[in-house]
There are 2 protein chains.
Amino acid sequence: MLKKERHDFIMRQINLHNRVLTSDLVQLLTVSEDTIRRDLQELVDANLLYKVHGGALSKSYHSSFDDSTVYARDSKIVIAKKAINLIKDGMVVLTGGGTTILELVKQLPQGISATFFTISPLVAVELAKYNNVEVILIGGLFSKNSQVTYGGQVIAQLSEIKADLCLMGTSAIHPEEGLTDTYWEINQLKKAMLACAKRTAVLCISEKLDIALRLRVCPLESISYLITELDINDEALSRYREKELNIL
Amino acid sequence: MLKKERHDFIMRQINLHNRVLTSDLVQLLTVSEDTIRRDLQELVDANLLYKVHGGALSKSYHSSFDDSTVYARDSKIVIAKKAINLIKDGMVVLTGGGTTILELVKQLPQGISATFFTISPLVAVELAKYNNVEVILIGGLFSKNSQVTYGGQVIAQLSEIKADLCLMGTSAIHPEEGLTDTYWEINQLKKAMLACAKRTAVLCISEKLDIALRLRVCPLESISYLITELDINDEALSRYREKELNIL
DNA sequence: AATTTAATTGCAAAAACACGCAAAAACACG
DNA sequence: CGTGTTTTTGCGTGTTTTTGCAATTAAATT
């Protein structure tokens, strides 16, 4: 392998994961540590990355990691970590869009091997960073508000899918009313997603609890898992615990 | 073996594998290292490949390196500005992916009113920022390399579309060979895109000129517009001017 | 503070490279 | 056809680049 190719490989890794470990590169490229160190040093000289003890970081790392713009990011990370346990190798997973799902995808373990269907372009792009993940983007009209595809075509395609697990964000959840939404199209979409998955996990930051909106998606019983950032025994969840669903 | 034959052989190897080792060529062509080096140097002078220690790399293999400062961004903006003139209100436009197209979308005038079909999630997200634009994302398998959807499903959907204009980036263009590509799937995809648009504009930074890769997409005559960052009368375009296509 | 882990430095061998030179082949032209 | 010129090619020599190893230093971990 030519040096230039190694450099390209390293830069691809960096741009993909924002970071890279010297030891990983040694294995992946089967060269000595010294060579990798020299490569990294040369890339630093070319101003293409930061070097740190143990590896290197992307130059855009600081800007991309510090997206404190994402509302309640910490909570979403907690939720993501819980949800990841539901995903097993070989599964077919269907996901919606939204920042919570996106956070989940970013937290996935490197080696994960699964098939993902998604209606969110951003989720698709993020999923594509995992080598052993097959990504199928469900196409259709693209919604400017929710940044997902929707409409008849999407629903038609969903009807042909059989997924093991559906992960969806939520606008509102209520112990009696179940899942609800404001927009007709999104409502239809969620129904279709529920219909094609064996199990559904709803990712929900606590402040969306106990809210009921105009349109009903499904009763609580249709959901398999409710995942919040709260402790399982938290008071706020008591009315949900009485229902037929797992709380994580 | 004649020198020209050796050169052709080397270029075939390069276009096939994106790279070539000096030592391999010495063996394959049974000539001395010096001859190979001279050959490579001449091909570099003719602007047909990159030379690196140990061998040479394809020019088109300009890997998605430094994506913080998108490669040749200035050129791409010039191209974008030219291409935008082709888009009229009310049109149905089909776009591919790639950084050039993405730059074009970012340069669109705010008030633009049109319908866009696209196979690129990133383009879709960017297009969604324009209020009067309807965005339809064509779904299917998502390619980790080229960041577009591809495969049978995409082609099937494309066959149902009738677009006024197709905007596509390019890996390589050649006055005799026309548009060419390295990957089968992408090749099929581009063919399908061409087939469903009345006119096609190819966006191409000048360094991709005069390169022919393994798989043929279409002859030059199938393209309506060739858009580069160069002046229309630039010498480098002379061989394209002779053909049946508009150069912008 | 002790131990493990990663970085740095200098060194040496191998590989790749550049340059000049000369033999051979191809070419030009009266 | 003969002679002079250019092109092409391989070889020898010296230089540079690349790479791994060993010894030392620095950083993190406990």
Side-chain angles (χ1 to χ4, degrees), chain A residues 1-62 64-66 77 81 107 109-111, chain B residues 1-66 68 207 210:
Chain A
M1 170 163 287
L2 298 161
K3 184 157 84 151
K4 171 87 167 123
E5 291 181 298
R6 271 201 325 267
H7 285 194
D8 285 353
F9 182 90
I10 294 172
M11 285 312 296
R12 249 200 312 284
Q13 292 291 314
I14 288 259
N15 287 332
L16 233 50
H17 306 120
N18 281 324
R19 68 185 206 125
V20 82
L21 303 180
T22 310
S23 53
D24 286 355
L25 289 174
V26 168
Q27 289 219 310
L28 288 166
L29 297 170
T30 49
V31 289
S32 74
E33 283 196 359
D34 305 69
T35 303
I36 294 297
R37 293 226 176 77
R38 270 187 285 250
D39 284 344
L40 292 178
Q41 188 54 53
E42 282 160 33
L43 291 169
V44 166
D45 293 344
N47 226 316
L48 292 170
L49 47 73
Y50 283 121
K51 206 147 93 68
V52 295
H53 200 95
L57 296 174
S58 159
K59 288 206 74 185
S60 52
Y61 171 79
H62 291 297
S64 88
F65 191 61
D66 177 39
I77 291 177
K81 294 239 163 92
Q107 304 284 331
Q110 258 313 304
Chain B
M1 170 164 291
L2 296 151
K3 183 153 85 151
K4 173 82 168 117
E5 290 181 294
R6 273 201 323 268
H7 285 196
D8 287 351
F9 181 88
I10 294 172
M11 285 313 296
R12 251 201 314 284
Q13 292 292 313
I14 287 262
N15 288 334
L16 223 54
H17 305 117
N18 276 325
R19 68 170 239 194
V20 83
L21 303 181
T22 310
S23 54
D24 286 356
L25 289 174
V26 167
Q27 290 219 311
L28 288 166
L29 298 170
T30 48
V31 287
S32 74
E33 284 195 0
D34 304 69
T35 304
I36 294 298
R37 291 223 179 78
R38 270 186 285 251
D39 284 343
L40 292 179
Q41 188 53 54
E42 283 159 32
L43 291 169
V44 166
D45 294 343
N47 224 324
L48 293 171
L49 47 72
Y50 265 112
K51 208 148 91 68
V52 296
H53 198 98
L57 295 172
S58 157
K59 265 209 308 169
S60 67
Y61 174 67
H62 221 302
S63 70
S64 53
F65 216 69
D66 192 3
S68 50
E207 67 182 35
D210 303 333

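To find a chain, count down the sequence lines: A is the first, B the second, and so on, and within it residues start at 1.
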Partner residues of A:Leu2 under the side-chain contact (heavy atoms from CB on, under 4.5 Å) criterion, sequence neighbours left out: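 If we apply the side-chain contact (heavy atoms from CB on, under 4.5 Å) test to A:Leu2, skipping adjacent residues, the hits are A:Glu5, B:Leu21, B:Val52, B:Leu57.
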Expected output: side-chain B:Lys59 to main-chain B:Asn47 donor-acceptor under 3.5 Å: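 Indeed, once roles are kept as given, a pair shorter than 3.5 Å links the two residues.
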As an exercise, state the distance from [atom1] of [X] to [atom2] of [Y], rounded to the nearest 0.5 Å.
X       : Y       : atom1 : atom2 : answer
B:Asp8  : B:Leu43 : CG    : CG    : 9.0 Å
B:Ile14 : B:Ser58 : CD1   : OG    : 6.5 Å
A:Leu29 : A:Thr35 : CG    : OG1   : 10.0 Å

With sequence neighbours excluded, residues passing salt bridge (Lys or Arg N to Asp or Glu O under 4.0 Å) with A:Asp34: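 Partners of A:Asp34 by the salt bridge (Lys or Arg N to Asp or Glu O under 4.0 Å) criterion come out as none, since no residue qualifies.
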side-chain hydrogen bond (donor to acceptor under 3.5 Å, both in side chains) with [X]: which residues, sequence neighbours excluded?
X       : value
B:Thr22 : none
B:Ser23 : none
A:Glu42 : A:Lys3, A:His7
A:Asp24 : none

Do the non-hydrogen side-chain atoms of [X] and [Y] ever get within less than 4.5 Å of each other?
X       : Y       : answer
A:Gln13 : A:His17 : yes
A:Ile10 : A:Leu48 : no
B:Val26 : B:Val31 : no

Euclidean distance, atom CD of residue B:Gln41 to atom C1' of C:dC17 [Å, nearest integer]: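 Distance check: B:Gln41 CD to C:dC17 C1' gives 11 Å.
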For atom CG of A:Asp45 and atom P of C:dT8, their distance in whole Å: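 After rounding, the gap between these two atoms is 11 Å.
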Nucleic acid contacts of residues 7-22 of chain B, taken as heavy-atom distances under 4.0 Å to DNA chain C: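 DNA chain C contact set from residues 7-22 of chain B: B:Thr22.
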Sub-4.0 Å heavy-atom contacts from residues 31-39 of chain A onto DNA chain C, ordered by number: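 Hits under 4.0 Å, by residue number: A:Asp34, A:Arg37.
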For chain A, the stretch of DNA chain D it reaches, first to last nucleotide, under 4.0 Å of its heavy atoms: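 Using the under 4.0 Å cut-off, the span is D:dT18 to D:dA27.
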Closest-nucleotide 5' rank along DNA chain C - winner of A:His53 and B:Gly55: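 Mapping each residue to its closest nucleotide by heavy atoms, the 5'-most match is A:His53.
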Touch class at under 4.0 angstrom, heavy-atom based, for A:Val26 against every strand present: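 A:Val26: no heavy atom of the nucleic acid under 4.0 Å.
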Helical bend (five base pairs per end, nearest 10°) for the helix from C:dA1-D:dT30 to C:dG30-D:dC1: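 Axis angle across the helix from C:dA1-D:dT30 to C:dG30-D:dC1, nearest 10°: 40°.
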Between the protein and nucleotides 23-26 of chain C, are there any N/O to N/O pairs under 3.5 Å, and if so, what are the atom names and distances?
none

Closest heavy-atom pair and its distance - B:Arg19, A:Met1: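 The pair with the smallest heavy-atom distance is NH1-CA, 4.2 Å.
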Earlier contact from the 5' end, DNA chain D, for B:Lys3 and A:Leu2: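 Closest to the 5' end, via its nearest nucleotide, is B:Lys3.
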Other residues, nucleotides, ligands: >12 heavy atoms within 6.0 Å of A:Lys81 NZ: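 No, not enclosed.
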